[in-house]
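Bear in mind that the values here come from a model prediction, so they are computed numbers and not experimental data. All residue numbers refer to positions in the sequence shown, counting from 1.
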Amino acid sequence: MRFERLLRIGAFALASLSGRAVGQRFVSVEGIGPPALTAIPAPSAATPPACFAGLPACPLPFPPGSMAIGHGAEAVDEATATVHATDGIVDFVSATYPGCVGSPTVPLAAWPPGPCGPIGGGAAPIVGMCDSTTPGAVWVVTVGGLVSLIPVAPGPPLAQGLVPLALTPFVSGITFDSTSGLLWFTGPLLGSVVSALAPPVGTFTCTPLPAGPVFPIPACLSAPYLALTLDTTLAPGP
């Protein structure tokens with residue numbers, strides 16, 4: 001199990017992208033200055049990558065000031081080499097790599113609320129997002145702890161539930177383990193990573209999901225904890 005936290009102010013969670021014919025890369029959303037997707041070559045075991053030494057930045061058409069630190073998220077669909085990103089409050093955008101081919105910007109208001117609540121926005125901004133095994137859909141979590149499986153093409157949520165009770169006062173990161181069907185969460189002051197079985201498509205529990213395995217965050221990583229990702233090539237464990 002590998003845990004990753006926010007590495008620099010303004011850069012949201014790093015996610016690996018299997019870039020066809022370009023090798024593995026990391027893709028980040030930079031929130032200082034004009035928001036942009038930046039692809040960086042994944043490091044070898046011995047050599048870290050130079051900053052922004054990968055493909056040119058892909059500008060994102062978010063409104064000025066909408067990329068508040070702690071809000072917004074991104075997810076990588078490795079099957080289609082597509083990066084999805086949101087500022088959590090106003091807009092949702094997508095782009096494919098290589099080539100930075102962007103799709104039209106879609107307002108978050110285009111996603112109607114589900115039975116358990118709204119998908120992002122000013123009152124409940126999205127703070128975490130990750131890919132799913134459901135084609136054309138991603139998992140998102142709001143600052144208030146509402147978890148939703150939403151279609152990338154705007155439409156009603158496909159499933160909803162609340163983060164486990166252990167995630168208080170609020171959650172800030174989400175990732176999905178396709179091998180076990182578990183969603184993993186962390187929060188700024190939690191000190192651990194909490195899992196829960198992802199609600200199936202068509203399920204709207206509107207109650208906290210029962211917590212599964214919980215792993216303490218290593219002491220070498222100091223709070224706040226804002227994001228995480230999962231390395232499924234390693235066996236589960238702390």
Undergrad: Just list the side-chain donor-acceptor pairs under 3.5 Å for residues 141-159, sequence neighbours left out, or say none.
TA:
from	atom 1	to	atom 2	distance (Å)
T142	OG1	L146	N	3.3
S148	OG	Q160	NE2	2.9

Undergrad: Looking at F176 and T133, what are the two nearest heavy atoms and their distance?
TA: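 Closest heavy-atom pair between F176 and T133: CE2-CG2, 3.7 Å.
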
Undergrad: Following the transitive rule for hydrophobic clusters with a side-chain heavy-atom cut-off under 4.5 Å over Ile, Leu, Val, Met, Phe, Trp and Tyr, establish whether L108 and V138 coincide in one cluster.
TA: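 Yes, L108 and V138 fall within the same hydrophobic cluster.
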
Undergrad: Once side chain to side chain contact (heavy atoms under 4.5 Å, CB included) is applied, do any residues pair with P118, and if so which ones, sequence neighbours excluded?
TA: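 P113.
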
Undergrad: Is V214 linked to V171 within one hydrophobic cluster, defined over Ile, Leu, Val, Met, Phe, Trp and Tyr using a side-chain heavy-atom separation of less than 4.5 Å?
TA: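 Yes.
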
Undergrad: Does L197 reach the side chain of L182, with side-chain heavy atoms less than 4.5 Å apart?
TA: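 The answer is yes, as the side chains (C-beta and beyond) meet within the 4.5 Å cut-off.
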
Undergrad: What's the shortest heavy-atom distance between I89 and P125, and which atoms?
TA: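 Nearest pair, atom of I89 first, then P125: CG1-CB, 3.8 Å.
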
Undergrad: Any idea which heavy atoms bring A73 and I126 closest together, and the distance?
TA: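 Residues A73 and I126, closest heavy atoms: CB-CG2, 4.3 Å.
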
Undergrad: Give, for atom SG of C116 and atom CZ of F204, the distance between the pair rounded to the nearest 0.5 Å.
TA: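 Result: 7.5 Å between the selected atoms.
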
Undergrad: Parallel, tilted or perpendicular: which fits the ring planes of F215 and W184, with parallel below 30° and perpendicular above 60°?
TA: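 Answer is parallel, since the angle falls under 30°.
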
Undergrad: How long is the gap from CD on E74 to NE2 on H84, to the nearest 0.5 Å?
TA: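 E74 atom CD to H84 atom NE2 measures 11.5 Å (nearest 0.5 Å).
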
Undergrad: Could you pull out the closest heavy-atom pair between M129 and I174, with the gap in Å?
TA: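 Looking at all heavy atoms of both residues, the shortest contact is N-CG2, 3.4 Å.
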
Undergrad: Looking only at heavy atoms, which two atoms of S195 and P164 are closest? And how far apart?
TA: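 Smallest interatomic distance, heavy atoms only, reads O-CG, 4.0 Å.
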
Undergrad: Using modelled atom types only, decide if a donor and an acceptor are shared between the side chain of D177 and the backbone of G181 within a distance under 3.5 Å.
TA: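 Side chain of D177 to backbone of G181, a donor-acceptor pair under 3.5 Å: no, none is there.
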
Undergrad: Which residues pass the side chain to side chain contact (heavy atoms under 4.5 Å, CB included) test with L209, not counting sequence neighbours?
TA: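 For L209, the residues satisfying side chain to side chain contact (heavy atoms under 4.5 Å, CB included) (neighbours in sequence not counted) are A196, P199, T205.
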
Undergrad: Would you say that V106 contacts W111 through its side chain, given a criterion of any heavy-atom pair below 4.5 Å between the two side chains?
TA: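 In contact.
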
Undergrad: Hey, is the main chain of T80 close enough, under 3.5 Å, to the side chain of T82 for a donor-acceptor pair?
TA: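 Yes, the answer is positive, given that a donor and an acceptor are paired below the 3.5 Å cut-off.
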
Undergrad: If you take all heavy atoms of A211 and V194, which pair is closest and at what distance?
TA: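 Smallest heavy-atom distance, with atoms named: CB-CG1, 4.0 Å.
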
Undergrad: Find out if a path of hydrophobic residues (ILVMFWY) with successive side-chain heavy-atom gaps under 4.5 Å connects V201 to L183.
TA: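 Both belong to a single hydrophobic cluster.
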
